[in-house]
**Student:** 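My questions all concern the structure below.
Residue numbers begin at 1 in each chain, while the letters A, B, ... track the order of the sequences.
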2 protein chains.
Amino acid sequence: MTRAPKPALKARKTPMQSRSRVTVDAIFEATIQVLLRDGMGALTTTRVAERAGVSVGTMYQYFPNKQALVYALNERYLDTLAGRIEAVCARMQGAPLAKMAEALVDAYWAAKTERAEVTRALYRSVVELDNDALLHAFAARADAATTAMFATACDGAVEDVDALNLTLASVIYGTVRNAFERGLTDSEARVLRGNLVAMCRAYICTFSG
Amino acid sequence: MTRAPKPALKARKTPMQSRSRVTVDAIFEATIQVLLRDGMGALTTTRVAERAGVSVGTMYQYFPNKQALVYALNERYLDTLAGRIEAVCARMQGAPLAKMAEALVDAYWAAKTERAEVTRALYRSVVELDNDALLHAFAARADAATTAMFATACDGAVEDVDALNLTLASVIYGTVRNAFERGLTDSEARVLRGNLVAMCRAYICTFSG
DNA sequence: CCAAAAGCTGAAGGTTCCTTCATATCCTGA
DNA sequence: TCAGGATATGAAGGAACCTTCAGCTTTTGG
């Protein structure tokens with residue numbers, strides 16, 4: 001009895017031909033652009049379809065309703081993000097804690113900055129839907145990866161991995177997001193990024209010292 | 001030539017009699033409740049008015065449109081928050097840096113936690129409007145207060161107050177928000193809060209040592 | 001080449017919502 | 001007490017939007 005998260009949120013049809021795969025991608029991209037240009041309030045099915053160069057009906061062949069579209073978009077983004085974090089965690093197994101933290105900052109910072117507008121657009125869209133499920137799933141996946149990584153630190157065994165993980169994850173993700181929301185200049189961003197790493201390092205010394 | 005932020009966002013009329021002051025408060029409170037119960041997507045003028053126990057027309061006597069209502073709500077909240085931060089900063093003048101940081105964490109954490117649902121509701125609503133202006137104004141006010149405070153630290157002169165402020169502000173505000181968005185248990189929250197303070201302290205030693 | 005499947009179209013139904021305004025009630029100061 | 005400003009009402013206009021569906025075009029597999 002595995003109930004689907006929300007029956008109305010599942011994709012209606014999976015693209016089979018390459019033509020339709022292109023269409024779906026165009027719809028996603030159009031959604032991002034409309035979100036960027038006009039904001040969530042002006043995200044209408046017509047506008048998205050128009051910008052994607054397809055008709056409204058086409059949209060409804062792949063998404064049962066507008067909400068499902070936004071949901072899928074965020075799902076896709078968070079999936080990629082989680083994948084990146086997992087990759088970094090795998091690569092840093094057995095490294096010293098400080099290096100791990102630095103790598104995590106780098107990865108997250110890069111992910112957010114690379115396509116800054118997209119990030120910003122998505123932040124504007126998650127709010128509408130029942131994002132608890134989505135964000136919780138992401139957090140669980142990321143936490144699993146980072147916790148596993150921290151447990152392999154070569155610094156000597158960490159007493160309370162969960163506490164360490166909770167702290168570093170919250171501080172890093174939170175700070176990066178906050179930095180992102182202020183419109184920092186490049187130099188400010190560099191300073192903050194460096195200081196964030198320094199802070200993690202300083203904390204780790206206290207923690208495992 | 002000081003152009004108003006957005007002509008349509010200014011209040012239409014200021015309450016004069018006590019009766020109307022009550023009404024406006026009821027409308028604000030109703031907005032929060034609807035936001036909480038049904039989310040931003042279901043925030044309709046009718047619903048708000050109904051919950052506030054007034055008619056739709058009444059709403060439009062104080063707010064030119066729906067957007068202005070949400071805007072005013074956030075403005076009010078951020079104003080209070082900024083006021084609190086300023087108060088803490090004033091009280092901690094001349095203290096050691098570590099104490100300042102701790103007080104800041106306390107204040108911000110308390111402000112967010114005290115009426116957690118309200119905070120959550122507002123987070124859901126800022127996204128819709130042109131929040132850049134609002135958030136930027138808040139950040140500027142808070143930064144001014146904290147920077148001034150840090151400059152009076154009795155630890156010996158800080159080399160680069162702006163860098164210190166940027167770092168601590170971003171880390172503290174960001175982390176608290178992130179902590180708030182995960183649904184932390186009480187014990188997790190306590191641990192994180194303690195570690196955040198420890199982190200700031202560790203960083204400060206590095207910085208001013 | 002052909003039939004079936006996949007994909008696409010877009011006008012229109014039906015709903016929801018924002019906002020107005022003419023009217024009615026309440027409050028204050030004289 | 002009374003006039004006039006302040007406040008409240010809520011039905012209705014009008015605009016915007018989501019979603020459907022019957023029919024058309026393109027692609028695939030044999």
**Student:** Using whole Å, what does the distance between atom P of nucleotide C:dA24 and atom CD of B:Gln61 come to?
**Tutor:** 16 Å

**Student:** Could you state the atom-to-atom distance from CD of A:Gln67 to P of D:dC17 in whole Å?
**Tutor:** 18 Å

**Student:** Quick one: is D:dT9 close enough that its OP1 or OP2 comes under 4.0 Å of any side-chain N or O from B:Thr58?
**Tutor:** yes

**Student:** Would you please confirm or rule out a distance under 4.0 Å between OP1 or OP2 of D:dC18 and any side-chain N or O of A:Thr45?
**Tutor:** yes

**Student:** Rounding to a whole Å, what distance do you find between A:Asp38:CG and D:dA16:P?
**Tutor:** 14 Å

**Student:** Where the side chain of A:Tyr60 is concerned, which of C:dC8, D:dT20, D:dA6 is the nearest nucleotide?
**Tutor:** D:dT20

**Student:** Would you say the side chain of B:Lys66 lies within less than 4.5 Å of the side chain of B:Val48, judging by non-hydrogen atoms?
**Tutor:** no

**Student:** Regarding A:Thr44, tell me which of base, sugar-phosphate or nothing describes its non-hydrogen contacts under 4.0 Å with the strands shown.
**Tutor:** sugar-phosphate

**Student:** Could you pick out which residue, B:Gly41 or B:Ser18, lies toward the 5' side of DNA chain C when each is mapped onto its nearest nucleotide?
**Tutor:** B:Gly41

**Student:** Using heavy atoms to find the nearest nucleotide of DNA chain C for A:Met59 and B:Val56 separately, return the residue whose nucleotide is more 5′.
**Tutor:** A:Met59

**Student:** Quick check on D:dA8: is either OP1 or OP2 less than 4.0 Å from any side-chain nitrogen or oxygen of B:Tyr62?
**Tutor:** yes

**Student:** Take atom CG of B:Asn65 and atom P of D:dG14, then tell me their distance rounded to the nearest Å.
**Tutor:** 20 Å

**Student:** Taking atom C1' of C:dC26 as reference, at what distance in whole Å does atom CE of B:Met16 sit?
**Tutor:** 16 Å

**Student:** Mind checking B:Ser20 for me? I need base, sugar-phosphate or nothing, with any heavy atom below 4.0 Å counting as a touch.
**Tutor:** sugar-phosphate

**Student:** Cut-off 3.5 Å, side chains only: do B:Thr147 and B:Asp162 have a donor facing an acceptor?
**Tutor:** no

**Student:** Spell out, as yes or no, whether a donor-acceptor pair under 3.5 Å connects the side chain of A:Thr113 to the backbone of A:Ala116.
**Tutor:** no

**Student:** Quick one: is A:Thr46 getting a side-chain N or O under 4.0 Å of the D:dA16 phosphate, OP1 or OP2?
**Tutor:** no

**Student:** B:Arg182 vs B:Asn178, test: side-chain contact (heavy atoms from CB on, under 4.5 Å). Steps then yes/no.
**Tutor:** CA-CA 6 Å; B:Arg182 303 166 168 235; B:Asn178 187 285; 3.1 Å; yes

**Student:** Using whole Å, report how far NZ of B:Lys66 lies from C1' of C:dT16.
**Tutor:** 11 Å

**Student:** Using the ring of A:Tyr123 (Phe, Tyr or Trp, six-membered ring only), decide whether A:Arg177 places NZ or CZ under 6.0 Å from its centre and within 45 degrees of its axis.
**Tutor:** yes

**Student:** Would you say A:Arg47 places a side-chain N or O within less than 4.0 Å of OP1 or OP2 belonging to D:dA16?
**Tutor:** no

**Student:** In whole angstrom, give the distance that lies between atom CZ of A:Arg19 and atom P of C:dT9.
**Tutor:** 9 Å

**Student:** Base, sugar-phosphate or nothing for A:Arg21? Non-hydrogen atoms, less than 4.0 Å.
**Tutor:** nothing

**Student:** Looking at B:Ser55, I'd like to know whether one of its side-chain N or O atoms comes within less than 4.0 Å of OP1 or OP2 on D:dA8.
**Tutor:** no

**Student:** Please work out if B:Leu69 contacts a base, only the sugar-phosphate, or nothing of the nucleic acid, heavy-atom cut-off 4.0 Å.
**Tutor:** nothing

**Student:** Which listed nucleotide (D:dT7, C:dG7, C:dC8) is nearest to the side chain of A:Gln17?
**Tutor:** C:dG7

**Student:** With a 4.5 Å cut-off on side-chain heavy atoms, are B:Val197 and B:Cys200 touching?
**Tutor:** no

